[in-house]
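See below for the structure under consideration.
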Amino acid sequence: MCGWPLLLLWALLSGAAAGGSGRALPHHTVLDPQGEYWLSWGPRGGRLAFRLEVRTAGYVGFGFSPTGAMAAADIVVGGVAQGRPYLQDYFTNANRELKKDAQQDYHLEYAMENSTHTIIEFTRELHTCDINDKSITESTVRVIWAYHHEDVGEAGPKYHDSNRGTKSLRLLNHETSKVLPTVVPYFDLVNQDVPIPNKGTTYWCQMFKIPVFQEKHHVIKVEPVIQRGHESLVHHILLYQCSSSFNDSILDYGHECYHPNMPDAFLTCETVIFAWAIGGEGFSYPPHVGLSLGTPLDPRYVLLEVHYDNPTYKEGLIDNSGLRLFHTTDIRKYDAGVIEAGLWVSLFHTIPPGMPEFRSEGHCTLECLEEALEAEKPSGIHVFAVLLHAHLAGRGIRLRHFRKGEEMRLLAYDDDFDFNFQEFQYLKEEQTILPGDNLITECRYNTKDRARMTWGGLSTRNEMCLSYLLYYPRINLTRCASIPDIMEQLQFIGVKEIYRPVTENKQGGGKGEGQADSSLSTQSPPWSSILQPGGHDPEPKPRVGHLID
Ligand SMILES: *[C@@H]1O[C@H](CO)[C@@H](O)[C@H](O)[C@H]1NC(C)=O
Ligand SMILES: *[C@@H]1O[C@H](CO)[C@@H](O)[C@H](O)[C@H]1NC(C)=O
Ligand SMILES: *[C@@H]1O[C@H](CO)[C@@H](O)[C@H](O)[C@H]1NC(C)=O
């Protein structure tokens with residue numbers, strides 16, 4: 001470790017305080033459960049800068065992968081060997097073979113090593129025009145990481161064994177973490193001693209009452225409060241607004257979410273008012289906007305949904321994590337609102353099994369928006385952040401925006417959606433929605449590994465296709481969603497005639513001869529029993545009829 005180049009020593013001294021080149025990077029997250037691999041990143045001169053700080057004196061690897069695995073990934077490996085920094089651009093093919101990239105697109109900016117740690121800092125273009133590199137977009141990326149106690153030798157990097165992992169992040173996050181100007185009061189919505197089951201995934205739900213304020217307040221910032229040591233256990237947190245017509249008895253118990261025994265009151269909590277995901281840093285409202293509390297229109301009961309990720313099935317974990325809401329009586333100019341747009345969550349949302357790619361779309365129609373906007377805000381509303389939401393089969397979501405038939409800039413997109421990484425994305429610039437506009441939430445699903453139909457619903461194995469728009473000024477519209485045309489879908493899958501399930505023993509209603517239902521009532525659809533594949537009928541015979549020609 002002796003004889004470091006002068007340049008490195010100089011960099012070490014000048015950057016000592018920041019542990020890097022000295023230029024602060026706005027985003028910071030830990031990648032491994034032990035807290036030994038830290039990533040910072042942020043824009044720098046049209047490029048993206050990364051800093052890796054890892055507890056090793058060997059090499060450090062980092063990359064972007066389509067699935068989070070090592071195949072077909074864009075990888076960079078660096079370190080300091082005999083006082084000399086190195087950084088090499090690699091890629092892997094489909095067989096996970098590591099190859100040096102002929103076009104080197106990563107630029108080393110800084111490197112430091114002491115007896116325990118390595119820090120390297122580098123930049124790259126978002127789009128390198130190299131087929132072996134991944135483009136960095138606003139979509140979620142699966143970053144992969146690895147390290148080894150030895151540096152890269154003549155034969156290339158040695159295999160890293162279990163010192164590796166993956167994490168979903170959004171690298172082009174437009175939030176610049178805003179430091180609050182003064183000391184601002186806050187309250188916490190934090191779980192009390194939740195026993196984490198020793199299984200991979202747990203969704204824990206707990207209701208909270210918002211403190212009672214005598215006057216109007218604005219929440220201006222929300223931060224995660226993660227129990228020390230649980231930084232990788234707490235995976236994401238959603239906060240929903242619930243019905244206000246409860247008494248405090250519902251606050252007494254938490255429960256696993258989406259569970260059959262879950263209290264009914266939880267089902268009234270539908271509108272997401274805040275979302276945080278691992279790697280996210282909390283959410284600041286724009287300087288002219290706040291989330292109103294203390295007036296009759298405001299949330300009184302909220303539901304905190306915490307997703308715990310326990311991949312090693314650890315036993316006996318007790319968690320006390322949640323959210324901190326900073327609020328002020330120094331009221332900002334506008335109240336924030338949330339609109340849920342997309343596909344109404346119901347059994348009418350159907351996704352066939354075995355599909356590598358299937359699209360659903362939900363419409364927030366011109367008529368729906370016009371009615372709400374004309375009455376209250378003819379000059380429009382301004383969207384500043386969007387949360388895109390689907391469940392486990394979701395692969396991509398786009399929120400499209402149309403004005404008089406012309407498509408505007410996408411409000412938000414994620415072409416690599418990861419259910420386990422959900423947060424509000426800030427728009428680069430506020431986007432105005434005017435009366436006469438309409439929105440389409442377009443979702444792409446993969447059900448290749450499913451043998452049965454997927455239906456719209458609340459459980460993570462059911463699906464959704466939603467976007468939550470954070471906007472101002474608040475109008476009286478919380479949901480703008482559509483229901484698919486069931487007739488069209490049935491026709492598409494080849495249904496010729498609909499029979500009511502035979503339940504009554506009416507005369508003439510013999511077996512296999514149900515009543516044709518020409519009205520196709522849209523209430524309490526019995527279709528699930530008719531359409532469920534692999535039902536009781538071993539070989540459903542095509543039914544010829546006159547209902548759909
Ligand atoms: C090595 O550097 C790291 C990162 O700056 C620092 O946390 C650690 O304390 C240093 N170790 C020694 C032995 O100086
Ligand atoms: C609170 O609500 C529960 C059910 O919602 C009801 O059984 C109970 O009597 C209520 N308590 C009070 C004090 O109103
Ligand atoms: C919002 O709209 C609904 C439905 O049109 C109406 O019932 C309700 O009173 C309105 N609330 C406010 C505060 O205007």
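Read the numbers this way: they start at 1 and go in the same order the structure lists the ligands and their atoms. Worth saying up front: this structure is predicted, and the values here are computed from it rather than measured.
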* Separation between OH of Y468 and NE2 of H389, rounded to the nearest 0.5 Å -> 5.5 Å
* Atoms of ligand 1 less than 4.0 Å from N114 heavy atoms? -> 1 (C), 2 (O), 3 (C), 8 (C), 10 (C), 11 (N), 12 (C), 14 (O)
* Flag the pair K99 and D89 as a salt bridge only when some basic side-chain nitrogen lies within less than 4.0 angstrom of an acidic carboxylate oxygen. => no
* Asked: If you measure every N/O of S115 against every N/O of ligand 1, is any gap under 3.5 Å?
  -> no
* To do: Check ligand 1 against T116 and write out every atom of the ligand that is under 4.0 Å from a heavy-atom position of the residue.
  => 1 (C), 10 (C), 11 (N)
* Looking at F417, does the NZ or CZ of R395 lie under 6.0 angstrom from its six-membered ring centre and within 45 degrees of the ring axis? -> no
* Salt bridge flag under 4.0 Å for residues R398 and D414 -> no
